[in-house]
Amino acid sequence: MPRILVLNGPNLNLLGTRQPEIYGRETLGDIERACAGLGAELGLSIVCRQSNHEGQLIDWVQEARGEAAGIVVNPGGLTHSSVALLDALHAFDGPVIEVHLSQIHRREAFRHRSYVSLRADAVIAGCGADGYLFALRRLARLLA
Ligand code: DHK
């Protein structure tokens, strides 16, 4: 089964309690369980990781080279600042889908720019936790 890395960045461990009016009431655990469930249906093996540390996220992206077929990434605030995460994703060959729970383009101007979008094959924003599931469906199609 193709392996998919579902990567979440800073503060996403607080989902469910962190500004729920923006990020929703589902916890990261809820999202990861839903991803695993849909992955099983789609014939994808799902590996979920979350870190508040940029270097750890970069290490996981590097490890995904040759290991994972695709990546779903919500880089949290690093979306708008991390050239290093962008560079790591550029070194990964498979499809990359960027997910944001919130509709970042309706928020503060600094959230409108995403470094990761320069690499992402698709970007999903404003669909809440469903965005991760849409991303997995898209990856399943791209990898078929
Ligand atoms: C999550 C964050 O933590 C923010 O820093 C981003 C993103 C948006 C989201 O909507 O999932 O700006």
Side-chain angles (χ1 to χ4, degrees), residues 2-42 44-65 67-143:
R3 186 180 302 178
I4 304 298
L5 175 62
V6 177
L7 198 56
N8 280 287
N11 300 306
L12 293 164
N13 54 314
L14 299 181
L15 285 179
T17 55
R18 170 199 183 206
Q19 297 181 280
E21 68 287 0
I22 294 177
Y23 296 108
R25 299 209 171 269
E26 284 170 288
T27 66
L28 185 59
D30 294 334
I31 290 171
E32 290 180 347
R33 274 187 291 280
C35 285
L38 180 61
E41 268 178 47
L42 296 172
L44 301 171
S45 157
I46 308 296
V47 176
C48 296
R49 299 274 182 264
Q50 186 277 329
S51 178
N52 292 326
H53 304 281
E54 184 175 17
Q56 176 64 84
L57 295 164
I58 290 166
D59 284 346
W60 283 329
V61 171
Q62 289 187 9
E63 285 168 20
R65 299 173 78 214
E67 295 285 324
I71 296 178
V72 174
V73 60
N74 182 346
L78 293 172
T79 305
H80 319 295
S81 65
S82 181
V83 174
L85 183 58
L86 169 65
D87 287 347
L89 288 165
H90 271 308
F92 176 79
D93 281 338
V96 172
I97 305 204
E98 177 183 349
V99 171
H100 302 287
L101 293 142
S102 65
Q103 211 297 48
I104 53 174
H105 300 288
R106 213 168 59 178
R107 300 182 62 193
E108 303 97 318
F110 66 83
R111 295 187 202 274
H112 299 175
R113 183 185 63 176
S114 165
Y115 284 99
V116 170
S117 292
L118 293 168
R119 164 64 181 87
D121 296 288
V123 181
I124 299 168
C127 298
D130 287 344
Y132 292 83
L133 305 180
F134 298 153
L136 289 179
R137 287 193 186 280
R138 178 67 183 156
L139 280 180
R141 256 183 186 286
L142 292 174
L143 296 170

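Quick note: residue numbers are just sequence positions, from 1. First listed ligand is number 1; within each ligand, the first listed atom is number 1.
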[X] heavy atom under 4.0 Å from ligand 1:
X     : value
Arg18 : yes
His80 : yes
Asn11 : no

| said: Is the ring pair His105/His112 parallel, tilted or perpendicular, if the boundaries are 30 and 60 degrees? | reply: tilted

Taking the side chain as every heavy atom from C-beta outward, state whether Val99 and Phe134 have any pair of such atoms under 4.5 Å apart. no

- Message: Measuring only between side-chain heavy atoms, which start at C-beta, is Leu38 closer than 4.5 Å to Arg137?
- Response: yes

Within the 4.0 Å heavy-atom cut-off, what Arg111 brings close to ligand 1 is side chain

N/O to N/O below 3.5 Å, does that happen between [X] and ligand 1?
X      : answer
Val99  : no
Arg107 : no
Asn74  : yes

Min over Ala125, Ser81, Gly77 of heavy-atom distance to atom 5 (O) of ligand 1 lands on Gly77

Worksheet item: Under 6.0 Å from the CG atom of Asp59, do we count more than 12 heavy atoms belonging to anything else shown?
Response: yes

Crowded around Arg18 CZ? As in, over 12 foreign heavy atoms under 6.0 Å? yes

Say whether Thr79 and Glu98, considering side chains only, have a donor N or O and an acceptor N or O under 3.5 Å apart.
no

Problem set entry | Donor + acceptor pair across side chains of Asn52, Glu54 (<3.5 Å) | no

Who's the nearest protein heavy-atom neighbour of [atom], and how far?
atom                    : answer
atom 1 (C) of ligand 1  : Tyr23 CE2, 3.6 Å
atom 10 (O) of ligand 1 : Ser102 OG, 2.6 Å
atom 9 (C) of ligand 1  : Leu101 N, 3.4 Å
atom 8 (C) of ligand 1  : Ile104 CG2, 3.7 Å

In short, Arg107 meets Ser102 closest at the heavy-atom pair NH1-OG, 2.9 Å

